Amino acid sequence: MSQNKRELAPTFSPADIESPLYEKWIAAGYFTADNTSGKEPYTIVIPPPNVTGSLHIGHALDHTLQDVLIRMKRMKGFETLWLPGMDHAGIATQNVVEKQLASEGKSRHDLGREEFVKKVWEWKAESGGAILGQMRRLGESVDWSREAFTMDANGIKAVPTIFKKLYEADLIYRAERIINWCTRCLTALSDIEVEHSDVEGEFVSVRYGEGDQQITVATTRPETMLGDGAVAVHPDDPRYKHMVGTQVLLPLANRMIPIIADELVDPDFGTGAVKVTGAHDPNDFEMATRHGIEMPIIMDEHGVMANSGTQFDGMDRFVARKAVVAELKAQGRVVSEKRPYLHSVGHCSRCDTTVEPRLSLQWFVRVAPLAKAAGDAVREGRVKIEPKELEPRYFDWVDNMHDWCISRQLWWGHQIPVWYGPNGEVLVLGPDEKAPTGYVQDPDVLDTWFSSALWPFSTLGWPEITADVKKFYPTSVLVTGYDILFFWVVRMMMMGIFAMDGVAPFPVIALHGLVRDRFGKKMSKSRGNTIDPLEFMDRYGADALRFALAQKANPGTDQALAEEWVGASRNFATKLWNATRFAIMNGANVEGELPAHDSLNAIDKWILSRLSETISEVDHLLESYEFARACDVIYHFAWDDLCDWYLELSKETFASGNSEGTKRVLGYVLDQLLKLMHPVMPFITEELWTSFTGGESLVISQWPVADAAHIDKKSEKLVTELQTIITEVRRFRNDQGIKTTQKVPGRFIAPTDIAQYAPAMAFVLKMESVDFTASASFEIGLVKVELDLTGTIDIGAERARLTKDLATAQKDLQTAQVKLSNEGFMAKAPENVVVEIKERLVTTSADIERISAQLAALPQS
RNA sequence: GGGUGCUUAGCUCAGUGGUAGAGCGCCUCGUUUACACCGAGGAUGUCGGGGGUUCGAAACCCUCAGCGCCCA
């Protein structure tokens, strides 16, 4: 049992212990899940980071919380699977490799598709996945044997399987629709890949028509007028009613276009008449479709004007915007201009290029039935969102979801499993099916989120019903930031429920917030306030970073983080280190059973009672995803109860030699505490625990269980009294200017239950038990303290202290009296509250009497 | 424009009906054989404004103001 026991270095140095411990855990295979075990499964899949990414502070938080849960459940005896992996990140990765090619003066087209994709795989092998090594530094107890990638063998099977299944259920279709087009990435984007931000643009009112057939329309994008198919007004707008059904001249293009009436037009906006450019605006597309209006596409895929039949063809869209306005001005058609005009414009989330709405033939997922099922799962309580406050956001999204454009004009990704025949045949093939000769596969790839939506089961081997699928699906909880609720979580819900016969991929969605800077401001490269978790781990250790993050992780809310907070967590780790050294030094041990409860002193009983309460609270809080509060409870138990009080009060016991019970109790408390802390601070607790107990590893140790027999309110009350007495004496000494280290003759005159602990208190208070004549004395409750200050005491300081105490007591008394003399209170307040206030009345009255007497006894100075 | 959240000590935040809390920071003292990455003591709040419900409100309701986020 004791072969592993080691001496602890005098100071805690994270860098020396972390890496060897992680290697030890891996070598022992602690993190590898066994799909044949009889243990109850507990599964979490890591939100797959981009293969291009490195560990940022948000990952550190997300992964810490997951590791806390996984480690706790492992200690509770579950068969835990924490599955790591990465996302192929279509656009992001393709951009990285294209940039690399560009530096060599090449484009992907120089290589051709096959060569380019090969290049991306090469890039992945060489430079991708930096984050995986960084996850090891954080101490993540993931099952590396199951490391997954969205484009690995499992992904390659799962994607066409579900595509075909959705297609056959009429939930995937191909259609010409307005999509978000990035003129730089040259691909369609889904709604969520577009970020809206306010931009200073212009708002130009232009007169269409000639003579008495004129109408003025306003637009922020004048260049698109070349593709106008109509002018629309509200059907009830009296200004334009007479013009509906007539035609008007479209300037520049010199075409006649109809004036139509549509409810979609807001008569109070601008002039109440709008241009209808069906091919370049989603609202206009709707109207144009409804009214059978023509929708000419007047830009090419690069955003250059084309096929408008005007002099503007060949101009970039932003150049054309100016040129069009200039020409309109020359013709006297600009009625008014507002510039700058602040309005919201969509940008590509990958490259920030202004998105161009564009009519285009794409593949879509018909989300309505899938989203309905995803919403119902939460509505019917089969899936819980923690915290519940975030449910409305979830519903807001799933209940108003647009069809999802899933085709991307990229090369890196899952190619769409659709083949087109020579005579227009469309063939959707599963993973093991082959297209007949002469058929050509759709060149597009699928949106990255399409494959990551399958993550909770594709990583387990689905569509094969593998042992892993049987054992570990559905997963146990999804832990992620609320910011990807819509990107990823909703999609996993839809796909999981659809693919797995209605079984949602997880019963709980535990959402956390974002990590912000010390002032609560969002981190961004442009602000220069980003935090690098790796630097913090270098400086303070992985445990300190983990604890700092977990300690501030309140459900669903953002947290601020500053370097000092991490430093403070490192200090806490050091505190624990030294407390353990102290315990070992004094012979604390875990040998044999705990001594009979009755044989223990009240201080030992008290710490056992507090430990038991702490275990209950921490366990309950962690099970409720209340990480911040759990850490807080641990922190205060360890630092306040254990270090500041129990160790101090036990020093006299250790010095006296009669300390067998205390040694065993301290050993027990430390053993349990280290276990309780292990999920949050795995490295230091492992190092301390193995040194202290000689055990193999905390990773596979048993999670503490609160012992109800240890709850001892009587001892808690007694120790609280001891604490009050000690604090009062300290205050007195402090007010009298007596240094902490200075020994002072003194004694307690106290009832037996307290007198029993006088030596312990005297030790803490540096009181000497010698014969003396008291020069100062005061009372705390039933206890009288006498001290010899060998000189006159500072009466002014003492009077000030007592006067302040008296004022506090009098205020408390008054509060209690007011309540008790209030008829309404007496009649309606619950019994226990009334009793409590009455007790307060008694104690504060006694305090006042005592303090007053002491004040009166002070010599007049 | 729609939705949603926040406003509590200098800073960052807990606290959902019964005497206002934590961490950090601040002030004073201190080289106590676990720990100065520490210890002891101390100061600090009309809980955003106004109104209401209640015996009792930081908490529940209404309203105003400011800030934030999501969506359009």
Side-chain angles (χ1 to χ4, degrees), chain A residues 8 10-12 191-192 196 266 269 282-283 344 346 389-397 400 402 482-483 485-486 513-514 516-522 540-541 544 548 551-552 554 556-565 567-586 626 628-629 631-633 635-636 639-640 643-644 647-648 651 655 726-735 737-743 763-766 801 804 808 811-816 818-830 832-834 836-837 840 844:
Chain A
L8 283 169
T11 50
F12 166 49
D191 289 350
I192 57 170
H196 292 265
D266 176 4
F269 183 77
N283 288 329
S344 177
E389 295 94 273
L390 288 172
E391 271 186 11
R393 275 204 198 191
Y394 176 84
F395 292 132
D396 190 45
W397 185 263
N400 299 297
H402 297 290
Y482 63 75
D483 54 323
L485 188 59
F486 313 135
L514 274 37
R516 295 169 168 267
D517 77 1
R518 69 176 63 218
F519 300 112
K521 294 272 176 278
K522 201 169 177 173
Y540 305 103
Q551 194 186 21
K552 287 179 159 265
N554 285 299
T557 57
D558 293 349
Q559 61 170 285
L561 184 70
E563 181 157 358
E564 300 94 283
W565 309 174
S569 295
R570 187 270 318 265
N571 296 352
F572 178 48
T574 305
K575 187 77 181 173
L576 194 69
W577 183 272
N578 285 305
T580 306
R581 285 179 59 224
F582 175 85
I584 293 172
M585 209 176 286
N586 283 287
E626 294 266 16
R629 289 172 67 189
C631 288
D632 220 42
V633 170
Y635 182 92
H636 285 110
W639 203 310
D640 301 349
C643 292
D644 287 350
L647 294 185
E648 292 303 322
K651 280 180 178 171
I726 289 168
T727 303
E728 284 304 312
V729 175
R730 280 173 174 165
R731 282 184 68 198
F732 177 80
R733 289 179 55 125
N734 205 280
D735 290 345
I738 299 164
K739 296 183 175 170
T740 329
T741 43
Q742 188 183 326
K743 291 195 171 172
F763 191 93
V764 170
L765 290 166
K766 296 280 176 290
R801 182 172 72 90
K804 195 182 145 220
T808 307
K811 197 182 147 218
D812 289 350
L813 177 71
Q814 201 190 348
T815 311
V818 166
K819 288 208 171 199
L820 292 173
S821 60
N822 180 332
E823 281 176 32
F825 176 80
M826 295 306 285
K828 295 189 179 178
N832 62 325
V833 175
V834 176
E836 196 189 310
I837 305 285
R840 201 181 299 155
T844 49

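All values derive from a computational prediction rather than experimental measurement. Per chain, numbering begins at 1; letters A, B, ... match sequence-line order.
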(message) Nearest to the A:Lys804 side chain among B:U54, B:A43, B:C69, which nucleotide is it?
(response) B:A43
(message) Of the options B:U19, B:C55, B:C24, whose atoms approach the side-chain atoms of A:Asn822 most closely?
(response) B:C55
Residues two or more places apart in sequence or in another chain: which of them pass ring-ring contact (aromatic ring centres under 6.0 Å, His included) with [X]?
X	value
A:Phe732	A:Phe778
A:Phe12	A:Trp577
A:Phe486	A:Trp397

(message) Applying a 4.0 Å non-hydrogen cut-off, can you work out what A:Trp577 is touching in the nucleic acid: base, sugar-phosphate, or nothing?
(response) nothing
Side chain to side chain donor-acceptor pair (under 3.5 Å) partners of [X], counting only residues at least two apart:
X	result
A:Arg581	A:Asn578
A:Gln814	none
A:Arg730	none

(request) Pick the P atom in B:G56 and in B:U19, then give their distance to the nearest Å. (result) 16 Å
(request) With P as the reference atom in both, quote the distance from B:U7 to B:C11 in angstrom, rounded to an integer. (result) 14 Å
(request) Going 5' to 3' through nucleotides 26-36 of chain B, assign each nucleotide B (protein heavy atom under 4.0 Å from a base atom), S (under 4.0 Å only from sugar-phosphate atoms) or - (no protein heavy atom that close). (result) ----S-B-BB-
(message) Can you build the contact string for nucleotides 6-14 of chain B? Use B for base contact, S for sugar-phosphate-only contact, and - for no protein heavy atom under 4.0 Å.
(response) ------SSS
(request) Identify, with sequence neighbours excluded, every residue that meets salt bridge (Lys or Arg N to Asp or Glu O under 4.0 Å) alongside A:Glu564. (result) A:Arg518
(message) Dot-bracket, 5' to 3', for RNA chain B please: Watson-Crick or G-U pairs under 3.5 Å, [ ] where pairs cross earlier ones, | where the partner sits on another strand, dots elsewhere.
(response) ((((((((.[[[[.)..(..]]]].(((((.......))))).....[[[[[..)....]]]]]))))))).
(request) Report the residues that fulfil side-chain contact (heavy atoms from CB on, under 4.5 Å) with A:Ala816, sequence neighbours left out, ordered by chain and then residue number. (result) A:Ile837, A:Leu841
(request) Could I get the full list of side-chain contact (heavy atoms from CB on, under 4.5 Å) partners for A:Lys739, not counting sequence neighbours? (result) A:Thr741, A:Gln742
(request) Taking only the side-chain nitrogens and oxygens of A:Arg731, find out if one of them lies under 4.0 Å from OP1 or OP2 of B:G41. (result) no
(request) Round to a whole Å and report the spacing from CZ of A:Phe486 to P of B:C70. (result) 10 Å
(message) For B:C37, does the base pair up with any side-chain atom of A:Arg570 as donor and acceptor (N or O, under 3.5 Å, distance only)?
(response) yes
(message) Heavy-atom nearest nucleotide on RNA chain B for A:Lys522 versus A:Lys811: which residue maps closer to 5'?
(response) A:Lys811
(message) With nearest nucleotide decided by heavy atoms, which residue, A:Val833 or A:His636, maps closer to the 5′ end of RNA chain B?
(response) A:Val833
(message) Looking at every heavy atom in both A:Ala560 and A:Gly520, which two are closest together, and how far apart are they?
(response) CB-N, 4.1 Å
